[in-house]
Structure formats: structure tokens, C-alpha cells
Amino acid sequence: MPVFDLILILALIVVGAFAFTLLQRINRLGEVNKADLEAARREAAQMLEAAKAEAKTLIESARAEARAIREGAQSEVRALREAAQSDADRIRLNTQAEVERLRRESEERLRTQTKEERERMLTTLAAERETLTAERNSVKAERERLQSDLAAVRAEREELKRETERLARRGEQLDARALRLDEQEEKLDGFEKGLEAREAELAQRERSIDLKLQEVAGMSREEARSLLLSRLEAELEEEKALKVKANLERVRLEVKREAQKLIAQAAQRQASETAASLAVSVVPIPSDAMKGRIIGREGRNIRTFEALTGVDLIIDDTPEAVLLSGFNPVRREIARMALEQLVADGRIHPSRIEEVVEKAKNEMKTFIYERGEEAALEAGVVGLKPGLVQLLGRLHFRSSYGQNVLKHSIQVAHLTGIMAAELGLDAALGRRAGLLHDIGKSVDREIEGTHVEIGVTLASRFGEPKEVIDAIAHHHDPENNETVYSVLAAAADAISAARPGARRESLEEYIQRLEQLERIALSFPGVDNAFAVQAGREVRVIVKPDRISDSKATLLAREIAGRIERDMNYPGQVQVTVVRESRAVEYAK
């Protein structure tokens with residue numbers, strides 16, 4: 001052991017030092033006698049023995065102490081090893097628990113991030129899918145258009161090829177014909193010289209005949225020509241007017257057929273814009289992040305919403321807004337109310353959507369009934385059954401040419417009641433007939449038939465008086481009426497619809513159109529006065545009878561109509577009526 005070796009070395013060093021000291025003393029005492037030397041030797045030997053014994057004792061004690069120290073060190077090392085092992089086990093367990101906790105937290109964080117990333121990617125993929133679908137449709141349409149253009153180019157190329165061949169043959173024929181013409185030209189030169197001689201002779205004879213005619217008629221050639229032209233012009237003017245009138249009758253039939261085609265084409269072209277303005281509602285949202293929540297996981301929220309409301313929910317690139325598309329305005333309004341409530345609440349999932357949509361439907365029923373009650377109260381009509389009031393309130397969401405049908409019905413009710421009171425009839429019954437004359441429009445999108453037929457059926461079902469039913473049945477056909485109330489309802493309906501600004505037209509534009517119609521009519525000669533009537537749908541022209549004949553009146557109406565078509569923009573058509581009146585006035589004295 002290292003400690004034992006150290007003690008042994010120390011003991012040897014001590015004995016060596018002691019022996020060295022003794023030898024030095026012996027050397028100093030060299031003069032000492034032998035007896036003293038012998039005694040010194042013995043004393044040194046004794047001391048050496050004593051030193052050896054002491055060194056041996058020290059070595060034994062050192063060995064014992066070293067063994068004790070080694071045993072203590074071994075026991076301490078074992079204790080330290082056991083403590084270190086227990087600490088290592090504890091640290092390992094703690095480390096494993098911490099690693100497990102960190103692993104669970106990392107997995108949960110990664111799972112949340114993966115879920116959010118998946119929803120975001122689904123939203124992005126849905127938008128990209130719609131974009132790709134639109135691009136695919138546009139590319140398909142472009143491909144079809146290019147194919148049609150290519151076919152047209154090929155057909156045109158074939159046509160040009162045939163035309164080139166035909167022109168080549170035509171050129172050959174023209175060359176041959178040119179040769180023949182050269183021969184005929186030489187012959188014509190000879191004939192031309194003969195004709196010039198005859199023309200000179202005929203001119204001489206014509207001058208002599210003119211001189212004789214002037215002597216007989218007593219007027220010059222210019223005077224005779226002007227007289228003849230004036231008579232011919234008068235005869236041709238009358239004949240021209242008659243032919244124009246006949247041609248107008250013939251053309252009117254052709255124009256009617258052509259107008260039907262044009263109207264069909266115009267309706268087809270304008271259908272998309274009209275549908276977009278009448279079938280789409282815009283719902284604002286606080287941010288574009290809300291679009292992903294509205295769509296939901298794998299689109300489940302939007303599918304649930306569309307299934308419950310019957311309205312298409314369109315989510316596109318429009319910033320902070322989504323679109324609701326549907327032809328039923330009541331369903332679209334229910335969907336708008338439900339979506340606004342969902343966006344404000346923030347909780348958007350299928351069960352919540354079902355709850356909010358059901359609540360919106362109940363609120364809409366109450367809202368419709370309140371609108372019907374308000375309309376009946378404003379029109380002064382009492383005694384309507386609740387079902388009829390509900391149908392009347394649905395007209396709040398119905399429009400005709402941009403005019404709200406419920407407001408239109410209230411106006412017709414007031415006008416019909418006023419006219420009935422002026423004629424000594426029942427004003428309350430007139431207001432009732434006017435208010436319900438368009439009741440069929442409340443459900444005409446859901447029931448087969450015209451709004452007149454549906455209105456008659458509804459009025460009969462709710463037990464309305466026969467005057468009201470007759471007004472509903474004949475407010476567009478007052479000639480076949482059974483009571484006078486249908487005539488009053490028809491007149492009030494026309495007044496409300498033709499009122500300036502009632503149907504998507506400002507008052508200033510309306511007045512300017514009337515003034516321009518009268519100004520165009522007054523710009524023609526022979527016109528005495530002009531009046532634009534029927535909200536600009538007809539212009540009546542009063543002409544001077546001494547300057548405009550009956551035949552010329554037809555030409556004047558045609559010229560005014562053509563001028564209106566060229567210089568004006570107007571909806572529908574404008575009827576031009578020329579009025580010519582001859583009066584004979586005499587006084588008896």
C-alpha cells in the first residue's frame with residue numbers, strides 16, 4: 001500500500017540519520033581509547049538493535065494503521081458508491097419523468113399546431129380549388145373558343161382556296177373576253193361616229209321643235225319644266241305617303257317577330273346582372289380569419305348552414321365579407337340574420353348553427369306578421385285574418401321592377417279608396433281590394449300559376465268579399481270585370497307604377513326625358529303643339545291641318561319616331577301619335 005511504503009521509508013531515513021550521527025561522533029573521538037571504542041561499539045550496537053526494534057515496532061504499527069485506513073477508505077468508498085448510485089438512480093428517475101413531461105407537452109403542442117395548420121391548409125386548399133375550378137372552366141371555354149376559331153379559320157382557308165381557283169378561272173375568261181371586247185370596240189368606234197352625226201341632227205331638230213312649242217304655249221322651256229315638276233312632286237308626295245303607309249303595315253308584322261327575338265336575346269344577356277342584384281345579400285365579417293371558422297373543419301359548418309337555410313353561402317376573396325345567394329328573399333333574410341348572430345357570438349359549430357337558424361326562423365315569422373299588421377293599419381284595412389296578414393307581410397321582401405310590392409300595395413289601397421269615395425262607393429272595400437290586389441305575389445315563387453290565379457285562390461280560401469276577389473282577378477284585365485272595384489284597382493295600380501321615381505328612375509331623369517320628347521316633336525315643321533303623356537311612354541303631336549295632310553301625318557309620325565330612336569335613351573318603347581283636326585267654324589248673325 002502507498003501509506004505503508006511511506007512509513008517504511010521514513011523509518012529507514014531516521015535509522016540512517018542516527019547511524020551517520022554516531023559515526024561522526026566516533027570519528028571525532030578517534031583518540032579515545034579502545035575500551036571506550038569498544039563500549040561505544042557496544043552502545044552503538046545496542047542502540048542499533050533498539051532502533052531496529054523500534055523501527056520494527058513502528059513498521060508494525062504503521063502496517064496496522066495502514067490496514068485500518070485502507071479498510072475505512074474501502075468502507076467509505078462503498079458508502080460513497082452506494083450514495084452515488086442512489087443519487088444517480090434518483091436523478092435518472094427525475095430525468096426520465098422530466099423527459100416524459102417535455103415529450104407529452106411537445107406532442108400536445110405539435111398536435112395543436114398540426115391541427116391549426118391542417119385547418120388553415122384546408123381553407124387554403126378550398127380557396128385554391130375554387131380558383132382552379134374557375135381557371136379550368138375559363139381554360140375550357142378558351143379552348144372551345146380557339147377550337148371554333150380554328151375550325152372557322154380552316155373553313156375560311158378552304159373558302160379562300162376555292163375563291164383563288166375561281167379567280168384564276170375568272171382571269172382566263174376575262175382575258176378571252178378582253179380580246180373579244182377589243183374587236184367590238186373597233187366596231188363601236190365606227191357606230192359612235194355615226195351616232196355623233198345623228199345627235200347633231202337631232203339637236204338641231206330639238207331646237208326647232210322647242211321654238212315652235214314656245215310659240216304655241218306662250219311660255220319658255222324653263223317655265224314649262226318648273227310647272228311640270230311642281231305637279232309631278234305633288235302627285236308623287238301623295239303616292240309616296242300611301243306607299244309608306246302600306247309598307248309600314250307590312251313591316252310592322254316583321255318588326256314584331258324581330259322584336260320578340262331581340263327581347264329574348266336581351267333578357268338572356270341581362271339575366272345574370274338582374275339575378276345578381278335580386279338574389280345576393282352581403283354579410284360583413286370582422287376579419288378574414290372568421291372565414292375559416294365559418295367553413296369549419298372539412299367544411300362541416302358551411303354544409304350544415306346551407307342545408308338548414310336553403311341558401312348558398314359563398315366565401316371568396318372579397319375582403320371582410322361573405323355572400324348569401326338564393327332566389328327566395330325570405331330564406332335569404334333568415335340566413336342573413338342567423339349568420340350575423342353567429343359571427344357576433346363567435347361560437348360556430350353544427351349544433352349552434354341549428355339553434356341559431358331555428359331562432360332566426362321564429363323571429364322572421366314575427367317580423368313578417370308585424371309588417372303585415374303595419375301595412376293593414378297604414379292602409380286603413382281591418383278584419384284581415386292572421387293567415388292573410390302573414391301573407392301580406394311577405395310582400396315586404398318582394399319587388400317588381402325595383403318597386404317594393406308591399407309599399408306599392410299600400411299606395412294602391414289609398415288611391416282605390418279615394419276614387420271609390422269620390423264615386424260614392426264603399427271606400428273601406430276599395431282600400432281592401434287595393435291592398436290585396438297583388439297578394440298572390442307573396443307565394444308565386446312557391447306555387448304553380450300566375451300571381452292573379454294564386455291571389456284569387458288565397459282570397460277565396462280566406463273568405464274575402466266577391467268585390468275583392470274580382471279586383472284581384474281583373475286588375476290587369478279591367479275590360480272583363482264584374483264590379484267597378486276591379487277598374488279602380490287597375491287604375492290605381494297603373495298610377496302607382498307610373499309614378500316618377502317609383503321604378504328605378506330618378507325624378508330629374510324622368511322630367512328631362514319628357515322635355516326632350518316634346519322638344520324633338522316641336523322641331524318638325526307643321527307641328528302646332530306636342531305633349532308627352534303616360535310617363536313618357538307616348539308623345540301626342542298636334543299638327544296644323546292646313547300644312548299637314550292625312551298622308552303626310554303618317555310620314556311625320558315615322559320621322560319623329562326615327563329621331564327619338566337616334567337621339568334618346570329610354571326604357572321600353574315610345575308611341576308617337578300625330579293628331580290632325582280640321583274645324584269648320586261659322587257664325588249665325
Side-chain angles (χ1 to χ4, degrees), residues 371-385 388-389 391-393 395-396 398-442 450-452 455-456 458-460 462-503 505 507 510-511 513-514 518 529 531-540 542 572 575 577 579:
R371 298 291 80 75
E373 282 187 331
E374 292 176 359
L377 181 62
E378 185 177 354
V381 177
V382 297
L384 293 177
K385 294 184 178 180
L388 205 56
V389 174
L391 293 173
L392 188 64
L395 294 178
H396 177 76
R398 183 73 158 79
S399 62
S400 177
Y401 298 98
Q403 185 180 22
N404 186 272
V405 177
L406 184 58
K407 294 181 179 179
H408 165 70
S409 300
I410 296 173
Q411 292 175 1
V412 173
H414 288 304
L415 293 172
T416 307
I418 292 172
M419 289 187 287
E422 292 292 332
L423 295 175
L425 302 174
D426 189 350
L429 190 59
R431 290 194 298 271
R432 194 182 193 95
L435 182 64
L436 300 178
H437 78 286
D438 276 341
I439 193 65
K441 290 184 178 180
S442 61
T450 64
H451 76 279
V452 173
V456 170
L458 292 175
S460 302
F462 286 103
E464 289 297 313
K466 64 178 183 178
E467 292 84 357
V468 175
I469 297 175
D470 183 62
I472 297 173
H474 299 102
H475 71 276
H476 288 310
D477 184 24
E479 290 80 6
N480 299 321
N481 65 306
E482 297 179 1
T483 64
V484 71
Y485 291 98
S486 61
V487 179
L488 299 180
D493 183 36
I495 293 171
S496 175
R499 176 178 57 83
R503 296 193 171 185
E505 187 177 27
L507 180 60
Y510 171 78
I511 294 175
R513 190 171 77 239
L514 297 183
E518 295 178 354
N529 210 339
F531 303 96
V533 296
Q534 293 188 9
R537 298 173 183 170
E538 180 183 358
V539 56
R540 295 181 183 175
I542 311 299
Q575 178 181 352
T577 304
V579 180

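Of all the heavy atoms in Glu518 and Ala532, the pair that sits closest is OE2-N, 3.2 Å. Residue Val452 comes nearest to Ala473 through the heavy atom pair CG1-O, 3.4 Å, listed as atom of the first residue, atom of the second, then distance. Pairing each heavy atom of Ile469 with each of Ala459, the nearest pair is CG1-CB, 3.9 Å. Residue Leu435 comes nearest to Ala413 through the heavy atom pair N-CB, 3.6 Å, listed as atom of the first residue, atom of the second, then distance. Of all heavy-atom pairs between Ser486 and Asp470, the closest is OG-OD2, 3.3 Å. Across Val412 and Thr416, no two heavy atoms sit closer than the pair O-OG1, 2.6 Å.
Between the Tyr485 side chain and the Asp426 main chain, a donor and an acceptor come within less than 3.5 Å of each other. In terms of modelled atom types and a separation under 3.5 Å, the side chain of Asp438 and the main chain of Val405 share no donor-acceptor contact. The main-chain N or O of Gln411 is never found under 3.5 Å from a side-chain atom of His414 such that the two would form a donor-acceptor pair. The backbone N or O of Ile542 sits nowhere less than 3.5 Å from a side-chain atom of Asn529 that would complete a donor-acceptor pair.
Taking 4.5 Å as the limit, every side-chain heavy atom of Val533 sits out of range of all side-chain heavy atoms of Val539. You'll find the side chain of Leu436 stays beyond 4.5 Å of the side chain of Leu458, heavy atoms only. Looking at heavy atoms from C-beta onward, Glu467 lies out of side-chain contact with Arg432 at the 4.5 angstrom threshold. Side-chain contact check for Glu464 versus Leu384: some heavy-atom pair is nearer than 4.5 Å. With contacts defined as side-chain heavy-atom distances shorter than 4.5 Å, the pair Leu392/Leu388 does not qualify.
Note that OG of Ser409 and CZ of Arg398 are 10.5 Å apart. Values are rounded to the nearest 0.5 Å. The distance from atom OG of Ser442 to atom CG of Leu391, rounded to the nearest 0.5 Å, is 4.5 Å.
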**Study point:** salt bridge (charged side-chain N to carboxylate O under 4.0 Å, His left out) between Glu373 and Arg371, intermediate numbers included
**Key:** CA-CA 5 Å; Glu373 282 187 331; Arg371 298 291 80 75; over 6 Å; no
Point to revise | Worked check of side-chain contact (heavy atoms from CB on, under 4.5 Å) between Leu488 and Leu425 | key: CA-CA 11 Å; Leu488 299 180; Leu425 302 174; 4.1 Å; yes
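In this structure, the ring of His408 has its center less than 6.0 angstrom from the ring center of His437.
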